[in-house]
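Just below is one structure, and these are the notes that go with it.
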2 protein chains.
Amino acid sequence: MISRKPEQVFASEARRAAVTTDAKESYEDRLTHILEAATQVFAQVGYERASMRMVTKAARVSLAGVYHYVDSKERVLFLIQFRTFNSLLTKVRETLSGITDPVEQLCVMVRTHVNYFVANMPALKVCSHELDSLGGAAYDDILRVRREYYQLARGVLERLMDKLAPDAELDMHVATMSLFGTLNWLYRWYDPKRGKSPHAVARQITAQFMHGVLGAGTELGEGATGTGRST
Amino acid sequence: MISRKPEQVFASEARRAAVTTDAKESYEDRLTHILEAATQVFAQVGYERASMRMVTKAARVSLAGVYHYVDSKERVLFLIQFRTFNSLLTKVRETLSGITDPVEQLCVMVRTHVNYFVANMPALKVCSHELDSLGGAAYDDILRVRREYYQLARGVLERLMDKLAPDAELDMHVATMSLFGTLNWLYRWYDPKRGKSPHAVARQITAQFMHGVLGAGTELGEGATGTGRST
DNA sequence: TTACCGATCGAACGTTCGTTCGATAATGAA
DNA sequence: TTCATTATCGAACGAACGTTCGATCGGTAA
């Protein structure tokens with residue numbers, strides 16, 4: 001079941017783009033259109049439950065027509081996740097670029113993520129829920145992007161702690177993953193049309209996390225550690 | 001694809017248990033054995049990707065033999081989730097029963113959940129990851145148990161805020177779901193054999209969450225709710 | 001026009017799936 | 001023992017799946 005193609009990530013896209021200049025737009029747009037339809041289907045019923053026939057109906061293209069743009073169902077999922085993760089990572093990096101204060105960085109990072117979530121809910125649901133649906137080289141390619149995002153968030157957190165609570169003995173991995181847990185679980189319960197505004201949700205998540213790590217850092221870091229094992 | 005049987009939850013189990021007293025043990029044990037094998041398979045490859053043939057191989061029972069104990073693949077998933085959620089809910093309620101201090105309640109609740117997770121990782125992964133794989137009446141039955149767990153956690157949180165930060169203007173739903181996000185995301189990254197001890201992880205999650213809601217409650221609750229973050 | 005090439009399609013192929021059927025072996029009561 | 005019930009199994013069925021094939025359509029360069 002696991003794919004094992006060693007192809008470069010952008011091989012097909014680069015090859016296509018080099019051929020013509022007029023048909024390129026049309027081809028890319030058509031592929032994007034199919035991927036957007038697939039994103040809706042994957043988000044609604046899940047990747048495994050979704051069939052290529054459902055995708056063709058959503059994209060209003062014939063079954064064989066879809067295979068003119070992608071080799072396999074797995075590649076559709078790969079392209080969705082690759083584009084979404086890279087787009088999110090780029091956008092967060094952009095908004096973070098001019099900011100030096102770690103506190104402000106954390107605020108902006110969470111706010112940007114929540115805003116991106118609200119603007120691309122189906123895509124981010126597919127990214128959060130289908131993390132193990134890819135295998136082989138495709139999984140590794142996605143993992144590389146995910147690791148970049150992890151390092152970005154962890155870096156912000158570490159600078160925050162260095163500045164405001166340098167003596168804290170907090171496990172940075174646990175802290176980072178608890179934030180990702182909150183953010184990646186959003187698709188299960190947060191409906192921007194029914195609940196609070198994205199801004200308000202981002203603000204509360206940020207406030208909770210910031211006071212959380214700072215407060216826990218001083219509690220767990222100052223005195224002697226009790227029963228649990230630590231350094 | 002969605003099941004629509006209106007049967008009572010324990011119908012088959014109650015019927016079986018009333019027939020004999022000797023064969024009941026054997027029958028129940030055999031069913032549990034099959035469910036445990038299915039739990040491993042579902043956790044490893046996912047519910048949709050998993051086939052009944054994989055389950056039969058893991059349980060070392062023939063294909064038709066499994067259908068002597070369950071009507072369908074969907075019922076297997078239902079039984080796994082129903083038993084796991086009820087077992088977790090019961091255990092948390094038990095450990096919480098004698099405690100009145102909300103701070104202590106939160107500590108015990110998180111610690112019990114993490115301990116249960118470590119002791120039943122495949123089962124809790126199936127519960128966290130396959131929440132939408134059931135449909136119809138089965139989904140509603142599970143949803144009822146999940147709501148009980150939600151209310152239990154939210155009640156602890158509300159009593160905590162009432163006691164320590166009664167003036168806070170924190171959205172309780174967002175706060176509760178952020179905790180569930182952290183807990184339900186554990187299966188993605190926490191490996192008790194490699195990382196910190198369950199006790200240490202539970203302690204840090206508890207500390208972060210408690211300082212988070214208390215700190216954010218005072219920050220967001222005192223002054224007028226403006227646009228940016230104040231204080 | 002002609003010749004070509006990418007885009008699109010209906011139809012089919014081989015596989016795997018969940019589930020069922022009929023028969024056989026094991027079990028316990030009489 | 002005999003008999004009825006339960007447990008187990010090999011084999012098969014029909015449906016749905018991902019994917020492929022060969023033909024046709026439509027636009028473009030010469």
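Just so you know, these numbers come straight off a predicted model, no measurement behind them. Naming convention: chains lettered A, B, ... in sequence-line order (proteins, then strands); numbering from 1 in each chain.
Between the side chain of A:Lys125 and the main chain of A:Tyr187, no donor-acceptor pair closer than 3.5 Å is present. Counting only distance, with no hydrogens or angles, the side chain of B:His129 and the backbone of A:His129 share a donor-acceptor pair below 3.5 Å.
One atom, CD of A:Glu74, and another, P of D:dC17, lie 18 Å apart when rounded to the nearest Å. Nucleotide D:dA15 holds its P atom 19 Å from the NZ atom of B:Lys73, rounded to whole Å. When rounded to the nearest whole Å, the span between CG of B:Asp71 and P of C:dC21 equals 14 Å. In this entry the distance linking CD of A:Glu28 with C1' of C:dA7 reads 16 Å, nearest Å. Atom OH in A:Tyr27 sits about 10 Å away from atom P in C:dT8, given to the nearest Å. A:Leu31 has its CG atom 11 Å from the P atom of C:dA7, to the nearest Å. Atom C1' of nucleotide D:dG18 and atom CD1 of A:Ile34 are separated by 16 Å, given to the nearest angstrom. Atoms CZ (A:Arg75) and P (D:dT19) sit 13 Å apart, rounded to a whole Å.
For the residue pair A:Tyr150/A:His173, the side-chain donor-acceptor check at 3.5 Å is satisfied. Of the N and O atoms on the side chains of B:Gln204 and B:Gln208, at least one donor lies less than 3.5 Å from an acceptor on the other residue.
An OP1 or OP2 oxygen of C:dC9 is reached within less than 4.0 angstrom by no side-chain nitrogen or oxygen of A:Tyr67. Not one side-chain nitrogen or oxygen of B:Arg30 sits closer than 4.0 Å to the OP1 or OP2 atom of D:dT6. Taking only side-chain nitrogens and oxygens, B:His68 comes nearer than 4.0 Å to OP1 or OP2 of D:dA7.
The aromatic rings of A:Phe42 and A:Tyr47 stand perpendicular to each other, their planes meeting at an angle above 60°, with 30° marking the opposite boundary.
Position along DNA chain D of the nearest nucleotide to B:Arg53 versus A:Arg53 favours B:Arg53 as the more 5'-ward residue.
Checked for salt-bridge contact, A:Arg83 and A:Glu28 meet the test: a charged N lies under 4.0 Å from a carboxylate O.
Less than 4.0 Å separates DNA chain D from at least one heavy atom of each of the following residues of residues 54-65 of chain A: A:Leu63, A:Ala64.
Atom CD of B:Gln44 sits in a sparse spot, with 12 or fewer heavy atoms from other residues, nucleotides or ligands closer than 6.0 Å.
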